[in-house]
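Below is one structure, written out as structure tokens; comments come after it.
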Number of protein chains: 2
Amino acid sequence: MNGQPTLKDVARACGVTAMTVSNVLNGRDKEVGPETRKRILKAIDDLGYRPNFAAKRLRAQKTSAIGMLVLDDVPEFLNDPFTTQVVAGLSNFATEHGYSLILQGLRSESPSTVPMLGHLQTDGVCAILSGSPDTRRKFIKRALGLRVPLILIQEEFDHPLVCSLRQDDRGAARAIAEYLVDRGARRFCYLAPSAHWPAISERIAGSQDVCNKAGCSLTVIECGDESFEATQKAVASSIGTEGLPDAYIGGNDRMAMATIRLLQDRQLAVPEDVRVTGFNAFDFASFAAPSLVTARSDAYEMGRRAGIEMLKGIELGGFEHNDFVLPVSFVAGQSA
Amino acid sequence: MNGQPTLKDVARACGVTAMTVSNVLNGRDKEVGPETRKRILKAIDDLGYRPNFAAKRLRAQKTSAIGMLVLDDVPEFLNDPFTTQVVAGLSNFATEHGYSLILQGLRSESPSTVPMLGHLQTDGVCAILSGSPDTRRKFIKRALGLRVPLILIQEEFDHPLVCSLRQDDRGAARAIAEYLVDRGARRFCYLAPSAHWPAISERIAGSQDVCNKAGCSLTVIECGDESFEATQKAVASSIGTEGLPDAYIGGNDRMAMATIRLLQDRQLAVPEDVRVTGFNAFDFASFAAPSLVTARSDAYEMGRRAGIEMLKGIELGGFEHNDFVLPVSFVAGQSA
DNA sequence: CTGTTAGCGCGTTCAA
DNA sequence: TTGAACGCGCTAACAG
């Protein structure tokens, strides 16, 4: 009696039944007299009544929650600005539509991933993956065990319960490469992580498209885990064996900036001596010197879009369209 | 009958009652014969039974969820790396302890903040605030309306249901200032956002402590919303009127890096001509040239700590200690 | 060791 | 226009 007031408490206070109160709360106004209605609303306010969601959910057989999963190797699973923007966009959308967002990071290789996943009870799941293709596929299959719509960011998977949201990586990569070719570059190095993400493959393919047409060369440098150190080591080694290219095309801004630092330490001017481009521009990139040429994907918007498709998927119990490719804008910095 | 199997379904399949199955699931092994137990576990596995959390919660009068609120002016509420690390730490801790983390961003000034808050139903709430002191206090009072333990990051508030988790900003600021004094700097400018956060005040106070003792001067430059542009504008104006100091002490890494860029554009060498320091180092700072001297707060650990205190708070229905100050480590970059 | 009963808070269904 | 009964899935408290 001393906890949160229930529907019954409100009803008692008004001398009506719980049902009547419920009708008022759910906007079934025509079922209730305007006079009674007023009295009830006042009582609700006075008592500070708030509906119990657990009860509602149990009754409705619906959680009104969306799960956001981030598969990552490290515990700090929100390090990537692309990820955080997606999460923010989805979270806001969910909140605005009466859903709560349950955020969970999962270590890609951990065996505890399975029980953790089982603990998730939501009407739909959105996931951002990382790790090897094998790890990712395994994860997807497990996530499908939840039997709810699954939206994958930057990852394809053919299944009626799965919807992919991707950005036009190939097109963006083409734009970057064309920009460089226009400025006279002919010999390119592509900075890629050793793990072969689909998105990275697309970006390489886009650069290759342009190189083929323009008769340029493209060498892929594998930068391990794309960390600062790994990238610099890989680039240094490449310079040792094959010399300097006209431009480095970064698979992302991190690798690009690590490369810029390396070149600067060697007294090379960027972009005068060598050009360097990035990918997935985020705020912080503008703090780097010199500014990067980069593609900016609107990750926040992608998160919102995930919300939109998710609600459709939940309503329909599956997806009508299950692959969307979103545009990417091209951003030329001031001095690159 | 075609949805998820329930406890009853499992019981029926084994020819026992739901209660017995429940006993098995909750580890009350002594209540159940080992033979029956085995049979039940098999049936659970065969049917792919998973407990319904909504029912559990309703029964237990406990949500087993923690709310993470981020009050921000912009929709992209996960832009700040400090915030994301706290969220990641708390999320992991919650997951490991059988709680789910519900993430919600709130626009500081929006009137919809109130209903949004009401939609949150969790056993406890952790919040990172921003905006004016007035906005923040208003928010705290509303959050207290939820009548659950509230943990505030970098924010004090005297109330039995509130616990503050702060870092030792003053101590860290002292360490930075001493570092600069040791290297001969005497005239300082402090880069602060125009909004007066408690944390910023502490940092200024720490610098002032050192300046007082060493007989140095300290001027505070208000950098508006601490954006790249606002910071550069404020610094430029300060240089115009008061000339160049020996060192800029950044209220955070963003402002510090904006300042470095400005100085470099004016052909000033950092740190040879002017020193610049940052605050709250995060990964990306290492990509900036030159490396920053900065204080690194372990925000991830702070998130985990929030989880620890939250669980205590939930169990006790309030906090025993309600102000914790966590240490901050000092990080000297390679070339600053 | 196992079964029965009852109720968490809400909403649908049917009756008044 | 309002009321009563029932059940969503689970578990505490007792019986047997």
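Numbered from 1 within each chain, the chains take letters A, B, ... in sequence-line order.
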Using atom [atom1] of [X] as one end and atom [atom2] of [N] as the other, report the distance to the nearest whole Å.
{"X": "A:Leu58", "N": "D:dG9", "atom1": "CG", "atom2": "P", "value": "7 Å"}
{"X": "A:Asn23", "N": "C:dG9", "atom1": "CG", "atom2": "P", "value": "20 Å"}
{"X": "B:Asn52", "N": "D:dG7", "atom1": "CG", "atom2": "P", "value": "18 Å"}

Any side-chain N or O of [X] less than 4.0 Å from the OP1 or OP2 oxygen of [N]?
{"X": "A:Gln61", "N": "D:dG7", "answer": "no"}
{"X": "B:Gln4", "N": "D:dG9", "answer": "no"}
{"X": "B:Thr36", "N": "C:dT2", "answer": "yes"}
{"X": "B:Ser22", "N": "D:dT11", "answer": "yes"}
{"X": "A:Lys56", "N": "C:dG9", "answer": "no"}

| Does A:Gln121 reach the main-chain N or O of B:Asn52 with its side chain, forming a donor-acceptor pair under 3.5 Å? | no
What nucleic acid atoms does [X] come within less than 4.0 Å of, heavy atoms only: base, sugar-phosphate, or nothing?
{"X": "B:Thr17", "answer": "base"}
{"X": "A:Asn26", "answer": "sugar-phosphate"}
{"X": "A:Phe53", "answer": "nothing"}
{"X": "B:Thr20", "answer": "sugar-phosphate"}
{"X": "A:Leu7", "answer": "sugar-phosphate"}

Exercise for the section: May I ask you to establish whether B:Arg305 and B:Phe324 are in a cation-pi arrangement, using a distance under 6.0 Å from NZ or CZ to the six-membered ring centre and at most 45° from the ring axis? Expected result: yes
- request: Could you give me the CA-CA distance, side-chain angles and deciding distance for B:His159 and B:Leu144, then say whether side-chain contact (heavy atoms from CB on, under 4.5 Å) is met?
  value: CA-CA 9 Å; B:His159 189 284; B:Leu144 281 170; 3.7 Å; yes
Nearest-nucleotide check on DNA chain D, B:Met19 vs B:Ala54; residue mapping nearer the 5' end is B:Ala54
Before you tell me yes or no, could you show the steps for A:Arg107 and A:Asp73 under salt bridge (charged side-chain N to carboxylate O under 4.0 Å, His left out), namely the whole-Å CA-CA distance, both residues' side-chain angles and the distance that decides it to 0.1 Å? CA-CA 5 Å; A:Arg107 304 290 296 270; A:Asp73 291 326; over 6 Å; no
